[in-house]
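It should be emphasised that the depicted structure is a prediction, and the values quoted were computed from it without experimental measurement. Computed over heavy atoms, backbone and side chain alike; hydrogens, waters and symmetry mates excluded. Counting from 1, the numbers follow the sequence of the chain as shown.
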Amino acid sequence: MSKESDFYEKLKKSLIETTEFPTKYMYKFIIPSGDEKFKQIENIFDNMGAVINSKPSKTGKYTSLTILVKMKSPDDIINKYQEVSKVEGVISL
């Protein structure tokens, strides 16, 4: 198993043990500043009622995103992480 699949397995187990679904889940990402990456992530969470807050770094080179969205299951949460991981340069926190 890869590190990535290990991470998602542990996350799923933790979510099942500690969270009642549906729940509001908070995602945190760091992206290179610029509209393109922000739009890509915004599209991933489109039509879900997500609240997206962004804050530029001191140098303006990066932007932190906090996304609060209602999720139905651990698998839905993991699927969103996997979709976002395909956006180049994104760091998941």
Quiz item: Between Val90 and Phe7, is there a shared hydrophobic cluster once you connect ILVMFWY residues whose side-chain heavy atoms come closer than 4.5 Å?
Solution: yes
Exercise. Report whether Val51 and Ile31 are members of the same hydrophobic cluster (ILVMFWY, side-chain heavy atoms less than 4.5 Å apart, transitive linking).
Key: no
Exercise. Would you kindly confirm whether Phe29 and Met48 end up in one hydrophobic cluster when ILVMFWY residues are joined by side chain heavy atoms under 4.5 Å apart?
Key: yes
Quiz prompt | Atom pair CG (Leu65) and CD1 (Ile41), whose distance is rounded to the nearest 0.5 Å | solution = 5.5 Å
Quiz item: What pairs with Thr19 under side-chain contact (heavy atoms from CB on, under 4.5 Å), at least two apart in sequence or on another chain?
Solution: Leu15, Phe21, Thr23
Just list the side-chain donor-acceptor pairs under 3.5 Å for residues 73-85, sequence neighbours left out, or say none.
from	atom 1	to	atom 2	distance (Å)
Ser73	OG	Asp75	N	3.4
Ser73	OG	Asp76	N	3.2
Asp75	OD1	Lys12	NZ	2.9
Asn79	ND2	Asp75	O	3.2
Lys80	NZ	Ile44	O	2.8
Lys80	NZ	Glu83	OE2	3.4
Tyr81	OH	Tyr25	OH	3.0
Ser85	OG	Gln82	O	2.7

Quiz item: Among all residues two or more places apart in sequence or in another chain, which pass the side-chain contact (heavy atoms from CB on, under 4.5 Å) test with Lys28?
Solution: Met26, Thr66, Leu93
Quiz item: Which pairs count as ring pair (Phe, Tyr, Trp, His ring centres under 6.0 Å) when at least one residue sits in residues 42-63, sequence neighbours excluded?
Solution: Tyr27-Phe45
Exercise. Please collect all side chain to side chain donor-acceptor pair (under 3.5 Å) contacts where either partner lies in residues 32-51, sequence neighbours excluded, each pair once.
Key: Ser33-Thr63
Quiz item: Sequence neighbours excluded, which residues qualify as salt bridge (charged side-chain N to carboxylate O under 4.0 Å, His left out) partners of Glu20?
Solution: none
Exercise. With sequence neighbours left out, write down each residue that passes side-chain contact (heavy atoms from CB on, under 4.5 Å) with Thr59, or none if nothing qualifies.
Key: Ser57, Lys61
Exercise. Only pairs at least two apart or in different chains count here, so list each salt bridge (Lys or Arg N to Asp or Glu O under 4.0 Å) that has a residue in residues 84-93.
Key: none
Quiz item: Quick one: hydrophobic cluster around Ile16, which other residues, with the 4.5 Å side-chain cut-off, linked directly or via members?
Solution: none
